[in-house]
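Computed over heavy atoms, backbone and side chain alike; hydrogens, waters and symmetry mates excluded. First listed ligand is number 1; within each ligand, the first listed atom is number 1. The model shown is predicted, which means the values in this text are computed figures rather than measured ones.
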Amino acid sequence: MKVIVQKYGGTSMGSVDRIHRVATRIKKWSDTDVKLVVVTSAMSGETNRLISLAKNFTADPDARSLDQVLASGEQVSSGLLTIMLKELGLDAISFCGWQVKIVTDSVFGKAKIKSIDPSFVRKELSTRNVVVITGFQGIDESSGAITTLGRGGSDTSAVALAYALKAEECLIYTDVDGVYTTDPRVEPNAKRLKTVTFEEMLEMSSLGSKVLQIRAVGFAGKFKVKTRVLSSFQDPNLSIADELRESTIVTHEEDEVMEEAVISGIAFNRDEARITVSGVSDTPGVAHKILGPIANANIDVDMIIQNSSRDGTTDFSFTVHKDELRDAEKVLLDEVPKSLGYGEICSDINICKVSVVGIGMRSNVGVASKMFEILSMEGINIKMISTSEIKISVVIDDKYMELAVRALHRAFNLDV
Ligand code: ADP
Ligand code: ASP
Ligand code: MG
């Protein structure tokens, strides 16, 4: 049995017309010799609407109940698509994540998939061509509760199903026709990549490119799931070969011929805030005394910088997700005076992280200095820097984000 998994994102499922187009595309595919598993996201805006609805009752809804609410978005879209498919004459059926036994851990709101039993879906596929499954959700087997996989989690549902069902390929249909050198909504000259390595994609996703959820990329890379990003907005009646031509394949470096660029993409992230603890005594263990309580509160820290001054004090800065800023400030106000004495704690939410990513950096020196030169020519001040083998990130003022992305895009010859 040749199985293909297709995932349709929120914008692709965003209206009656768009669901109609998705159904027309599925019909075209189902007329070939493949069996289709279709994973749906909630209609665009629906997950945000459900979150706001829950927040009418409390700013901090309990995570289990919130997941119960959020999972409904995908249940609606999967059902609507199936109704449309049946109208087109297909023998389709829809299921929720818990029904097909997508088993997760019990971390509500960002659950990890532990297992999927392929036998249920395979049995369904033995008698029909299309099975539609809700993305973004699973079941915590120990309690029987519905869990969700974190924002953008339908990508992960699709890749995990493709792996469990030994699918030929996992096709991620979205509102752009592939992975670009940067977000094409910020830089219209961005170029679609024919291929991108899992390693690069993992960095791009973790640095803010939301075209694929980071967990989906990690999963696909680890288990070698053939994954392709393509547009649901192309004419649904295009031949399958033409449809697949306009896409990006996420690949293992050794598998395919790579495009030979030093930098393959530029990512940005506006979701972080910077906290600075200044004027505290510069003694051994400063980092531990500041970041220990932050870690104990389950707050993720990204970039870190420490400067010692001549008067025996130190300034310590780090970034956290904006959603966790208040909690982090509270922890510091409680803990820092006890362990380090009185200093000043201040935060900045008007920051943005811009990163250049590319495995070509490994064999090319000078990428960092070129990046810093371009930013200085544009008069952009760098507040923090971090590097790895295949990426360089800087934190700058949020208002310079577009200017920085475009200038770097041009300077690294990524423009079309
Ligand atoms: P879906 O609802 O289909 O899951 P998302 O909104 O999650 O779609 O992801 C698609 C969006 O990702 C695009 O509309 C684009 O604005 C954004 N994006 C960010 N970086 C990139 C990139 N490098 N290449 C393509 N799209 C990107
Ligand atoms: N509906 C969920 C979200 O908006 C999951 C997804 O679309 O992948 O995050
Ligand atoms: Mg998405």
Counting only nitrogen or oxygen atoms and a 3.5 angstrom limit, does Asp155 reach ligand 2?
no

Could you check Thr181 against His409 for side-chain hydrogen bond (donor to acceptor under 3.5 Å, both in side chains), going step by step and ending with a plain yes or no?
CA-CA 8 Å; Thr181 44; His409 200 265; 2.7 Å; yes

Go through the side-chain N and O atoms of Ser264 and Glu200 and say whether any donor and acceptor fall under 3.5 Å apart.
yes

Inventory of protein N or O atoms under 3.5 Å from ligand 1 N or O:
{"unit_1": "ligand 1", "atom_1": "2 (O)", "unit_2": "Gly10", "atom_2": "N", "d": "3.1"}
{"unit_1": "ligand 1", "atom_1": "3 (O)", "unit_2": "Thr174", "atom_2": "OG1", "d": "2.6"}
{"unit_1": "ligand 1", "atom_1": "4 (O)", "unit_2": "Lys7", "atom_2": "NZ", "d": "3.0"}
{"unit_1": "ligand 1", "atom_1": "6 (O)", "unit_2": "Lys210", "atom_2": "NZ", "d": "3.4"}
{"unit_1": "ligand 1", "atom_1": "7 (O)", "unit_2": "Lys210", "atom_2": "O", "d": "3.4"}
{"unit_1": "ligand 1", "atom_1": "8 (O)", "unit_2": "Thr174", "atom_2": "OG1", "d": "3.1"}
{"unit_1": "ligand 1", "atom_1": "14 (O)", "unit_2": "Asp175", "atom_2": "OD1", "d": "2.8"}
{"unit_1": "ligand 1", "atom_1": "14 (O)", "unit_2": "Asp175", "atom_2": "OD2", "d": "3.4"}
{"unit_1": "ligand 1", "atom_1": "14 (O)", "unit_2": "Arg185", "atom_2": "NE", "d": "3.0"}
{"unit_1": "ligand 1", "atom_1": "14 (O)", "unit_2": "Arg185", "atom_2": "NH2", "d": "2.7"}
{"unit_1": "ligand 1", "atom_1": "16 (O)", "unit_2": "Asp183", "atom_2": "OD1", "d": "2.9"}
{"unit_1": "ligand 1", "atom_1": "16 (O)", "unit_2": "Asp183", "atom_2": "OD2", "d": "3.1"}
{"unit_1": "ligand 1", "atom_1": "16 (O)", "unit_2": "Arg185", "atom_2": "NE", "d": "2.9"}
{"unit_1": "ligand 1", "atom_1": "23 (N)", "unit_2": "Tyr180", "atom_2": "O", "d": "3.0"}
{"unit_1": "ligand 1", "atom_1": "24 (N)", "unit_2": "Tyr180", "atom_2": "N", "d": "2.9"}

Could you say whether the N/O atoms of Glu74 and ligand 2 ever approach to under 3.5 Å?
yes

Per the side-chain contact (heavy atoms from CB on, under 4.5 Å) rule, which among Ile249, Asp177, Leu244 passes with Leu230?
Leu244

Can you list every pair that meets side-chain hydrogen bond (donor to acceptor under 3.5 Å, both in side chains) and has a residue in residues 96-113, with sequence neighbours left out?
Thr104-Thr147

Is the shortest distance from a heavy atom of Gly153 to ligand 2 less than 4.0 Å?
yes

Have a look at Lys353 and tell me which of Ile396, Val394, Thr319, Asp302 forms a side-chain contact (heavy atoms from CB on, under 4.5 Å) with it.
Asp302

In short, ring pair (Phe, Tyr, Trp, His ring centres under 6.0 Å) pairs touching residues 52-76 with sequence neighbours left out are none

Report yes if Gly10 has an N/O atom closer than 3.5 Å to an N/O atom of ligand 2; otherwise report no.
no

Quick one, Glu324 with Lys330, criterion salt bridge (charged side-chain N to carboxylate O under 4.0 Å, His left out). Give me CA distance, side-chain angles, the key distance, then yes/no.
CA-CA 10 Å; Glu324 297 188 310; Lys330 196 170 166 305; over 6 Å; no

Quick one: ring pair (Phe, Tyr, Trp, His ring centres under 6.0 Å) partners of Tyr173, sequence neighbours excluded?
Tyr8

Could you check which of Thr47, Thr134, Thr156 puts a non-hydrogen atom nearest to atom 2 (C) of ligand 2?
Thr47

Distance under 4.0 Å to a non-hydrogen atom of Ser41: what atoms of ligand 2 satisfy this?
6 (C), 7 (O), 8 (O)

For Ile275, run the side-chain contact (heavy atoms from CB on, under 4.5 Å) check against Val301, Ile290, Ile345 and tell me which one passes.
Ile345

Check ligand 2 against Arg151 and write out every atom of the ligand that is under 4.0 Å from a heavy-atom position of the residue.
3 (C), 4 (O), 9 (O)

